[in-house]
Amino acid sequence: MRKLALPVGREALLPLGLAVLLVLGALTAFQVTRPTTLTIAVAPEGGTEPALLRAYADELARRRLGIRLKVLPFAGVRESAEALKAGKADLAVVRPDVAMPGNGLTLAVLRELAAFVAAPAASGIKGVPDLAGRRLGMLASRTADRTLVGDLAAHYGLELLTEAASGSVPQTAVALVPVAEADVAAALGAGRIDALVLVTTPTSPAARRLVGHVRAASPDGEVTLIGVPDAAAVLARWPRLQPVTVPAALFGGNPRLPAEDVATVGSSYRLMARADLSRSLAAEVTQHLFEMRAALAETVPAAEDVTHPAYEDTADATSARLPIHPGAIDYYEREQETFIERYESWIYLVAILAGGVGSTAAWLRQRLGRIRRERIEVATARLLELRSEARRETDRARLEGMAGEVDDLAASIARHALNRPTEPRTLAAANVAIEAARSTVGRARAGTG
């Protein structure tokens with residue numbers, strides 16, 4: 001029996017092409033919507049900054065935002081700055097007066113440090129020069145803090161003695177004496193120290209406690225706070241420091257302590273990013289940090305100290321000695337990229353792919369419809385051939401075979417018509433051919449019975 005030959009090779013390629021386009025579209029959508037993971041180097045070990053940024057990373061993950069942070073801990077800020085400089089991290093905690101990576105730009109100030117001295121008013125210490133020959137208490141501090149105090153002493157012509165001094169202190173020097181917080185008042189009362197130097201955030205609870213200890217040791221309960229009035233000159237010598245003001249009455253309003261604003265210098269712990277980190281990512285990291293500040297402060301109070309770096313205008317921000325990342329400036333000035341601007345290239349690609357998929361689907365539909373029509377037309381032509389052959393055939397066995405072929409062709413036409421609606425004219429012609437072939441073959445079989 002003659003078999004119906006149908007074209008199938010090209011039809012099989014069409015779904016494959018459509019599948020490829022769909023896969024490309026899915027990959028593009030995944031690329032646009034998947035979270036971006038940034039590596040952040042945190043330090044110093046045991047400090048408040050690592051705890052804050054770990055809490056920030058956890059909150060980003062909990063809220064399922066588009067940024068994720070991979071925390072990379074280091075013992076000190078020198079090492080975290082080096083990680084940023086070497087490209088091992090995208091973000092890092094940096095203390096500029098310790099180590100400043102050349103490729104680092106500021107996103108936010110995590111904590112500002114001020115260097116100032118608290119002394120009992122009866123000590124007669126009114127300024128840094130009055131510390132000559134005195135003993136200055138300092139909490140167990142980091143090397144960077146001692147270096148900062150030493151630089152300030154050197155600016156006023158004093159040598160900082162960090163070894164335990166026995167006997168009197170030379171008038172050209174000031175001795176730094178380690179002291180525990182709980183021993184501050186006793187050390188002042190016993191004359192082991194004459195004043196206390198702090199390198200800390202002035203608004204912190206620790207700063208208030210320490211100044212309270214100095215007040216408790218003062219005979220009249222009065223305290224003098226000493227800053228660095230020559231801040232401009234100090235910053236000219238050590239440009240990675242920054243000006244800081246201790247507000248009047250910060251440590252008490254009656255009596256006011258300090259009575260007036262105290263100008264001094266200090267440093268800061270900063271969240272910095274690689275200079276080549278995209279503006280949109282830098283802006284997003286900065287935005288989320290400030291938006292989550294209140295939530296983070298519930299578990300890490302140091303979050304309240306997070307602030308933006310001071311600057312007057314964009315030119316000032318980008319040309320400062322401690323420049324700000326353009327992405328952070330976009331957030332501070334509310335000029336962030338919109339979703340369309342950020343993913344413009346991807347959106348164009350998706351649109352092109354979607355157009356291609358739509359065009360391919362339309363072409364595929366037309367092609368499949370044409371193939372079905374051609375198959376029905378081929379089957380109809382064969383039915384007409386069988387009708388003509390049956391009129392001349394007298395062999396009953398061959399007529400039986402023709403009858404079977406007519407049934408097979410009718411079934412094939414029915415399958416094609418069910419898979420997709422077919423043009424009524426084509427289907428009507430096929431039905432007429434089926435009936436005519438069956439009738440003619442039936443009469444021929446009856447005539448040979």
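This is a predicted model, so every value here is computed, not measured.
- In this structure a side-chain-to-backbone donor-acceptor pair under 3.5 Å is present from T264 to A115.
- The local environment of NE2 in H308 is sparse, with at most 12 non-hydrogen atoms from other residues, nucleotides or ligands closer than 6.0 Å.
- Between L152 and V128, the closest side-chain pair of non-hydrogen atoms is not below 4.5 Å.
- Within the 4.5 Å cutoff, the side chain of L161 has no heavy atoms near those of the V174 side chain.
- Salt-bridge formation is detected for the pair R111/E49: a Lys NZ or Arg NE/NH1/NH2 atom is positioned less than 4.0 Å from an Asp or Glu carboxylate oxygen.
- Ring geometry for F290 against Y332 counts as perpendicular: the plane angle is over 60°, on a 0 to 90° scale with 30° as the lower cut.
- Comment: R279 engages D330 in a salt bridge, judged by a side-chain N to carboxylate O separation of less than 4.0 angstrom.
- By the 4.0 Å N-to-carboxylate-O rule, D90 lies close enough to R274 to be salt-bridged with it.
- A heavy-atom distance below 4.5 Å is not found between the side chains of P170 and E159.
- Not a single donor-acceptor pair under 3.5 Å links the side chain of R64 to the backbone N or O of A61.
- When every heavy atom of V179 is checked against every heavy atom of L196, the shortest pair comes out as CG1-CD1, 4.1 Å.
- In this structure, the separation between CZ on R146 and OG1 on T143 is 4.5 Å, given to the nearest 0.5 Å.
- The CD atom of E291 sits 11.5 Å away from atom CG of L296, with the distance rounded to the nearest 0.5 Å.
- The line from OG of S80 to CE of M272 is 10.5 Å long, rounded to the nearest 0.5 Å.
- In terms of modelled atom types and a separation under 3.5 Å, the side chain of Y269 and the main chain of V109 share no donor-acceptor contact.
- Checking side-chain atoms of T201 against main-chain N and O of S204 turns up no donor-acceptor pair under 3.5 Å.
- Across all non-hydrogen atoms, the minimal contact from P44 to P50 is O-CG, 3.2 Å.
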**OP:** Give the intermediate values and the outcome of side-chain contact (heavy atoms from CB on, under 4.5 Å) for residues V71 and L53.
**Re:** CA-CA 8 Å; V71 178; L53 293 172; 5.7 Å; no
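- Taking each heavy atom of V246 and P258 in turn, the nearest pair found is O-CG, 4.2 Å.
- Using a 4.5 Å heavy-atom cutoff, the side chains of I226 and I125 are in contact.
- Rounded to the nearest 0.5 angstrom, H213 NE2 and D183 CG are separated by 9.5 Å.
- Here R63 pairs with E59 in a salt bridge; the nearest charged N to carboxylate O distance falls below 4.0 Å.
- At a threshold of 4.0 Å, the pair R95-D145 counts as salt-bridged, since one of the basic side-chain nitrogens sits closer than that to a carboxylate oxygen.
- Between M292 and L60 the shortest side-chain heavy-atom distance falls below 4.5 Å.
- To the nearest 0.5 Å, the span separating OG1 on T286 from NE2 on H288 amounts to 10.0 Å.
- Using a 4.5 Å heavy-atom threshold, the side chains of V300 and T48 count as separate.
- Judged purely by atom type and a 3.5 angstrom limit, D194 uses its side chain to pair as donor or acceptor with the backbone of R135.
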**OP:** Given side-chain contact (heavy atoms from CB on, under 4.5 Å), test R240 with R321 step by step and report yes or no.
**Re:** CA-CA 7 Å; R240 291 177 181 174; R321 290 190 174 99; over 6 Å; no
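- At least one side-chain heavy atom of V117 sits under 4.5 Å from a side-chain heavy atom of L136.
- Side chain of R78 to backbone of A75: no donor-acceptor contact under 3.5 angstrom is found.
- For the atom pair OG1 of T224 and NZ of K126, the computed distance is 4.0 Å after rounding to the nearest 0.5 Å.
- Under a 3.5 Å cut-off, the side chain of T37 and the backbone N or O of L69 do not form any donor-acceptor pair.
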**OP:** Begin from the C-alpha positions of Q242 and S268 and carry the test side chain to side chain donor-acceptor pair (under 3.5 Å) through to its verdict.
**Re:** CA-CA 8 Å; Q242 63 189 52; S268 58; 3.0 Å; yes
**OP:** Could you check R68 against L38 for side-chain contact (heavy atoms from CB on, under 4.5 Å), going step by step and ending with a plain yes or no?
**Re:** CA-CA 6 Å; R68 297 288 190 276; L38 302 175; over 6 Å; no
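- T106 and P309 get closest at one heavy-atom pair: CG2-CG, 3.9 Å.
- Contact between V149 and V197 at its shortest, heavy atoms only, is CG2-CG2, 4.0 Å.
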**OP:** Decide side-chain contact (heavy atoms from CB on, under 4.5 Å) for L110 and V93; before the verdict, give the C-alpha distance in whole Å, the side-chain angles of both, and the deciding distance to 0.1 Å.
**Re:** CA-CA 8 Å; L110 301 177; V93 176; 4.1 Å; yes
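- Checked by atom type and distance alone, the side chain of D130 pairs as donor or acceptor with a backbone atom of G127 at under 3.5 Å.
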